[in-house]
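All figures in this text were calculated on a predicted structure; none of them were measured in a lab.
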Amino acid sequence: MMKNRSLSFWLFLTPTLVALALVVFIPVLEGLFYSFTNWDGLTYTKMVGFQNYIQLFHDKAFINAFWFTVGFVIVTVILLNVIGLGLALLVTQKFKGSNFLRTVFFMPNMIGGLILGFIWQFIFTQGFSALGNALHMSWLQNWLTNETTGFWGLVIVTVWQMAGYIMIIYIAYLQNIPNEVIEAAEIDGASAWQRFTKITFPMIAPAFTVCMFLTLSNGFKIYDQNLSLTNGGPYHSTQMLAMDIVNTAYNSSNFALSEAKAMIFFVIVAAISLLQVLYNRKREVDL
Amino acid sequence: MSKKSKSVLGIFGILLGIIWLFPFYLIVTNSFKTPKGIFASVLSLPVHSTTDNYVNSFKALDFMASLTHSLIITVAAVLIIILGAAMGAYALQRNKSKLSGGLLLLFISAMLIPFQSVMIPLTANFGSVHFLNMWGLVIMYLGFQSSLSIFLYQGTLSSIPLAMDEAAEMEGASRWQIFYKVIFPMLSPMTVTVAILNIIAIWNDYLLPSLVLPQTQYTIPLQMFNFFGQYTKQWHLALAGITISILPVIIFYLIAQKWIIKGVTDGAVK
Amino acid sequence: MVEINLDHIYKRYQGNTDYSVSDFNLDIKDGEFIVFVGPSGCGKSTTLRMIAGLEDITDGDFKMEGKVMNKVAPKDRDIAMVFQNYALYPHMTVFDNMAFGLNIRKNDKADTKKRVENAAKILGLTDYLKRKPGALSGGQRQRVALGRAIVRDAKLFLLDEPLSNLDAKLRVQMRTEIAQLHQRLGRNFIYVTHDQVEAMTMADRIVIMNDGKIQQVGSPYDLYNKPVNKFVAGFIGSPAMNFFDVTLADGRITNDEGINLAVPEGQYKILKDKGYEGKKLTFGIRPEDIHAEEVAMQAFPDATINAKVQVSELLGSESMLYSKLGDTDFIAKVNSRDYHEPGAEVKMAIEMTKAHYFDDDTEATIL
Amino acid sequence: MVEINLDHIYKRYQGNTDYSVSDFNLDIKDGEFIVFVGPSGCGKSTTLRMIAGLEDITDGDFKMEGKVMNKVAPKDRDIAMVFQNYALYPHMTVFDNMAFGLNIRKNDKADTKKRVENAAKILGLTDYLKRKPGALSGGQRQRVALGRAIVRDAKLFLLDEPLSNLDAKLRVQMRTEIAQLHQRLGRNFIYVTHDQVEAMTMADRIVIMNDGKIQQVGSPYDLYNKPVNKFVAGFIGSPAMNFFDVTLADGRITNDEGINLAVPEGQYKILKDKGYEGKKLTFGIRPEDIHAEEVAMQAFPDATINAKVQVSELLGSESMLYSKLGDTDFIAKVNSRDYHEPGAEVKMAIEMTKAHYFDDDTEATIL
Amino acid sequence: ACSSSGSSSSSGGKTKITILQGKVENNKQFKQIAKQYEKTHKNVTIEVTSIGGGTDYDPVLKTRISSGNSPTIFSLAGPADVKQFKAYEADLSNTKTAKAAQPGVLSAVKSDGKTVGLPFNVEGYGFVYNKKVFEKAGIDPQSLTTVDKLQAAVQQLDAQKDQLGIKGVFALPGKEAWIMSDHLLNLYLAQDYNGNAQTLYKSKSMKFSKNADMKTMLDLQKKYSIKPVMQMDYSAQVNQYFSQGKTAMIQQGDWIYPTVEGIDKTFAQNDIGMIPIPVPGEEGKLPVGTSLYWAVNKRKDAKEQKAAKDFLDWLYTSKEGKKAVVNKLHYVPAYKGYDNLKMSDPLTSVVYDYEQKGQTTGWAFPGYTGTAWDPDVAQPNLQKYLSGKQSWDKTVKNMTDGWAKQQNK
Ligand SMILES: Nc1ncnc2c1ncn2[C@@H]1O[C@H](COP(=O)(O)OP(=O)(O)OP(=O)(O)O)[C@@H](O)[C@H]1O
Ligand SMILES: Nc1ncnc2c1ncn2[C@@H]1O[C@H](COP(=O)(O)OP(=O)(O)OP(=O)(O)O)[C@@H](O)[C@H]1O
Ligand SMILES: [Mg+2]
Ligand SMILES: [Mg+2]
């Protein structure tokens, strides 16, 4: 145990705390300050109080983006955790090729999100149409041309890419479960599924917390895929929060409003994610 | 598990894997096509396959130099992230106070901040102390990436028995020695994971280095984006470039994967 | 009816060059209480784990009710087990730990509760049912591990040193409880222990192992009185049997450290018939068969030695005299009335009818 | 000179309502070998962990050489410890596990190697030095844990049930090794065991605990022969002392389950003086002081009972007769010559000079 | 944080100038030109940094500036940028280059009467067509000077689609909203503002009087385009369809030449041409304008500023510089004095020709591209119309209202 007052506690935290302060918190505070000004990314000429915050609540695009993002987050959080954990369980079974599959499922992460989006565009526009033609399935056609297919396109790409990421986190925790406990459960007669639900899953509760958090926060923050796959289109119908924030800054040079949006975004996402973390933490046990 | 159900699983896995690999099929096959070939039919195999793209891409990326920069930055950043995050997580996990809980939430919440909103203040601050270079970048990565790493480590630490610390403490080990000689090695499967995730993130990162690095220190992704103009996108070079630039990561991943072994704590306590 | 056969079983762990268990061959009858004993590292737990299905069997067949079970998953073997290292579920309360196996089998909730509470009472864990294992003492954890097995009604019970961390009193209680469970259920029990008293009192048959191999299988009485070799003789009984290198000649065994004992007629005849006259052999005698009371000197005038006491321990009604004869250490367990201070030269009598003789080369029992 | 004082020490774990250790008060002299015994969960490990500095002391002072150490970090206390649960470093080889403490202290490499190899030889681990703990048997792991402590030269050694998973033979050897180490180093040892023999033979003084409180501190002889209360009397000695509820009247103790024994003159006088005439009290007698041989009947004609044997165990030279008198169970440890089959009605004589009497309310020893 | 003014970047007598620009496709060429310049100007070193990929140029420039790492030469995209970076824009009125500028090209970069930007080049757009297809169909593209003629030709082409080997007459990239919101819209807005971006930028309202004509043209393109239009992006339009001969014509500009050339060199050299989009009242005129301007950083010390201006003068007015502009960068010059140079590709030639002939209309759209109206109002509304989710009237109303709202804030 380390005590709060102990020097080592603070020494151990110094590198990361200092870096975090320098890189995140100080800039965030500056950003917070700017959100009360008319900053254009270079200078500001006056303080505007809460004007930016008032404005953003009337910003239809922002509100649309918010609900679109919420839907996206709900779907991807569920899919990613189910599939990620499923993949993790699959590849930790010892069968031929399981190691190879680990690499395969993780590979999408080795390419940046921007390039991926471009590649998936080909798949949606050409691969899906070709497939749709061949199979006479009309729903495979016209992908990314409207909100619904844009939404599912984003979901597919995100799941395809991040499932491997979530998988290796689950794997890392799965490997950490002591053998003996699993053995005890086998002796107690637990089937593979029961071992999973009663032993494995509770014991990787921290992984669940982490992955829930990651999928939640990444879902909210997703930008590259959005940009490269649909670019928010058509008519902003698939524009997500991060993109709206970025566009506010870039396209209209309204950096101050963008900061305000970012702060609101941060508060909302933090509230949801941290509640989730706190809730899940409660269920974890220290061994 | 029985042999039969294993092979069923295996087949299912392989099928899934093939679907998963499809985009890579596109990347690799198209990287051997001429620009015309790519757009004639993205989905087909190359008709006249060419390795020119690789040669040209290699040159255009200034590959050896940018590889070196990428490597230096990635390795340096990942090493300090691993060390810093493991230390931080250790301190937080082994201290059961409100304070450490609060600090953990602080770290976690840092992950929620959209990068674009801190981008300008951040670079302005680093610029004002003339730290816009590789080393500044490494520090930024420590700041941005350590949160996730701490979070990951923190979860694993709870499964390393406190008895390990106690035993080492009884033997006269200082806090640092306990961490470095006992705890850190036991975290190694998670360290591998943390390393992989950070390597991926840093290796592919474009935005931050584009703001921070001087041209003389450009990394592979920065060079790669020279293939993507406003109008002209040189897919043939880009795809070849992607293929060669992810090779080091795949190789690392394949090697690292072996280290994610089971049962690091087996035999530790009754 | 559960008959269990271990058919020339071998086990080599990955990475080891030696077999941890070799040619293990044992038939267990229905309802038998088998105890495994043997020195630390001799392969007891390994054998248990193979029976449980937790380790692959390198070679040989394990059968239950005549069916080869080598490939059957542990969960389908219907076995209850107490792990040597407890293997408690750290995220569950004591109650849940014990109830787990029953819940898995969809046992009636009320019945589960009753059984667990009953087991907890027996184990003295009633106050701890709501705690997690992390907040228990060593012995309490071990009792939870035991509890997890005894609430179940399995075909076979494997208990790997289930009482090692309990105090003597609790141990005696638990021993009785286990014996009663065995009687009530009529199942097969395999029990690993290093406690001689447990082994002697609980076993129908004891399997004594050394170095991965079975040395002898037999009733406690057989093992104690008719060990098949020097190893068994030396292992069973505490303190262990004393051994002396001697030469047999003319109805006496002698050596140059001061042994010169008359071998009883019957024994001598057999030894001579087996061709040991004039040969070297090992003579063994248990500490309790060495006497220091006057009466004994008179009863066995032809079998006395003059030993020097090195250390003496008073253990209530008995005393241990750690003594030396020449360069050979030996122990005599004498009545506390015959206690001697360290350093004393004591004349002792040996009850030669209880003597054991072993071949010097094969270490097999001659007589 | 290392004197150790535990000054009214209390411990309550977070989340518990009760104290796990209360008012623990003990002075340990330089070089003493102290053994803690007590039932499972009585606070032995907790006390050890407080001494080690691994648990906060809720109240009271722990002093070494007169200095209060409550706030001193474990690593600065110079204590070697064997953990009840081993706490081996799973990623290090056996060698590295044992060498760890020495390496931390920058001990000379060659010397470390010598010491570890020497310890490994003593512990029978020479062949396993390159293995990791995960590939060891339970007893081997425990020996590594022990080895880790004995290679060091600490001011104080804390050993928490260090031999519980070893077989009898190895145990006896290890006991001797630890005793020799103690002699050689002249350090203080605190040793937790539930093995009576270990406690009796190794301790300079035994601390017997129950429910977090010290019951008695004294030499093995004192505890065995002069227990201060019924708990100590019942705890020390195996099998445990037998207790009977009786009433004292007219120089005899009686009850309606068949006890009617003459109390020796001297004892009776004291009991009467203390005002127990006509009162109920608890009468205690150890199993070995109940005899079944003919001679005894004649020697103690005024102190016989007629018991019914329930279970009988033959343990080499002795037999245990688990018997019943009325509804009270008791055990007699008799010579194997006087073995009786279960079910037999046996007349037994009680050696009344060895009798113990306890107050019914306070459970304190009267005599 | 803007403390760059004092920090001198000259060392050892050499002056170092840094260029930050957003045309990655010209990255290599700029570097070569810089080398060339350094050879003849020993006391100057030039560092070129190009921003590419998914990053927008402005934020990067802003980051550079606020981190004290600002470039000596940067670029401006139009009036909005001129306003934003005002504090950093040196007066370039007196440079040789400014004086050599063609009439009108500097109008968008006048700030308080001073010239603060120098055009990279001029560009023009129209219908880029596939000569072979038109030949096969027997239509002369040059004859398509009115909307009616165009419509007739399109119908004819469409009828012969299969024989001509095309999948559609047009390839309208509905996903690439700027092709509608900037280029097409410009044709029908510019007249209201004399083709002057500054005027548009400063206007409080938007009449959009020619919106019906725009509808006609948009509908035409949509109807005869390869489908689905909402799925098509720039790359599909140019690389996949046009360059592969799958469409007769596309609404694009001379900048697509390198892309087409990258895919099929002979096709690019021999088989493509460009005609103006027929706009009632403006028939036969090609919209020509400038999308990027060079600016020099006022906060740098005088020596550095001078070196920067010298470099730009050299680039656009010296003999070697001009050669580089035309032959290396393939730019249509926005400056006088290039008479003896021949444009290097068929599309720039067209632009150059129209420019020389004076048959051009101006670009008004840079007047709104830097404002939020473009991405937030114009583009989504046009896309909504295109996908059939909104009527044209509503679209027009939303656009004009949106403009008024933005400008009157
Ligand atoms: N971490 C803990 N949190 C809460 N209670 C604990 C904790 N550790 C031990 N206890 C409780 O404190 C009491 C004393 O425990 P301790 O481990 O000292 O017992 P012990 O004498 O060593 O027993 P054993 O012989 O079984 O090892 C027990 O009742 C136990 O349940
Ligand atoms: N996982 C393993 N990998 C390699 N060797 C092992 C492993 N487990 C046990 N062994 C070795 O196999 C032998 C038998 O071990 P086993 O655990 O069966 O002994 P045991 O009889 O139970 O001993 P103990 O009484 O000490 O528990 C030992 O020498 C041990 O070192
Ligand atoms: Mg074992
Ligand atoms: Mg304990």
Q) Are Asn97(C) and Tyr86(C) linked by a side-chain donor-acceptor pair shorter than 3.5 Å? A) no
Q. Testing Gln142(C), His194(C), Arg171(C) for side-chain hydrogen bond (donor to acceptor under 3.5 Å, both in side chains) with Ser164(C), which one passes?
A. Gln142(C)
List, one per line, each side-chain donor-acceptor pair under 3.5 Å for residues 192-207 of chain A, sequence neighbours excluded.
{"residue": "Gln194(A)", "atom": "OE1", "partner": "Ser191(A)", "partner atom": "N", "Å": "2.9"}
{"residue": "Gln194(A)", "atom": "OE1", "partner": "Ser191(A)", "partner atom": "OG", "Å": "3.3"}
{"residue": "Gln194(A)", "atom": "NE2", "partner": "Ile104(C)", "partner atom": "O", "Å": "3.3"}
{"residue": "Arg195(A)", "atom": "NH1", "partner": "Ala190(A)", "partner atom": "O", "Å": "3.0"}
{"residue": "Thr197(A)", "atom": "OG1", "partner": "Trp193(A)", "partner atom": "O", "Å": "3.2"}
{"residue": "Thr197(A)", "atom": "OG1", "partner": "Gln194(A)", "partner atom": "O", "Å": "3.3"}
{"residue": "Thr200(A)", "atom": "OG1", "partner": "Arg195(A)", "partner atom": "O", "Å": "3.2"}

(Q) Which residues in residues 42-54 of chain C have any heavy atom closer than 4.5 Å to a heavy atom of chain A? (A) Arg49(C), Ala52(C), Leu54(C)
Q. So how far is it from Thr76(A) OG1 to Ile156(A) CD1, rounded to the nearest 0.5 Å?
A. 12.5 Å
(Q) Please classify the contact of Leu88(C) with chain A as side chain, backbone, both or neither, using a heavy-atom distance under 4.5 Å. (A) backbone
Q.
How about CZ on Phe100(A), more than 12 heavy atoms from neighbouring residues, nucleotides or ligands closer than 6.0 Å, or not?
A. no
Q) Around atom CG of Asn16(C), are there more than 12 heavy atoms of other residues, nucleotides or ligands at under 6.0 Å? A) yes
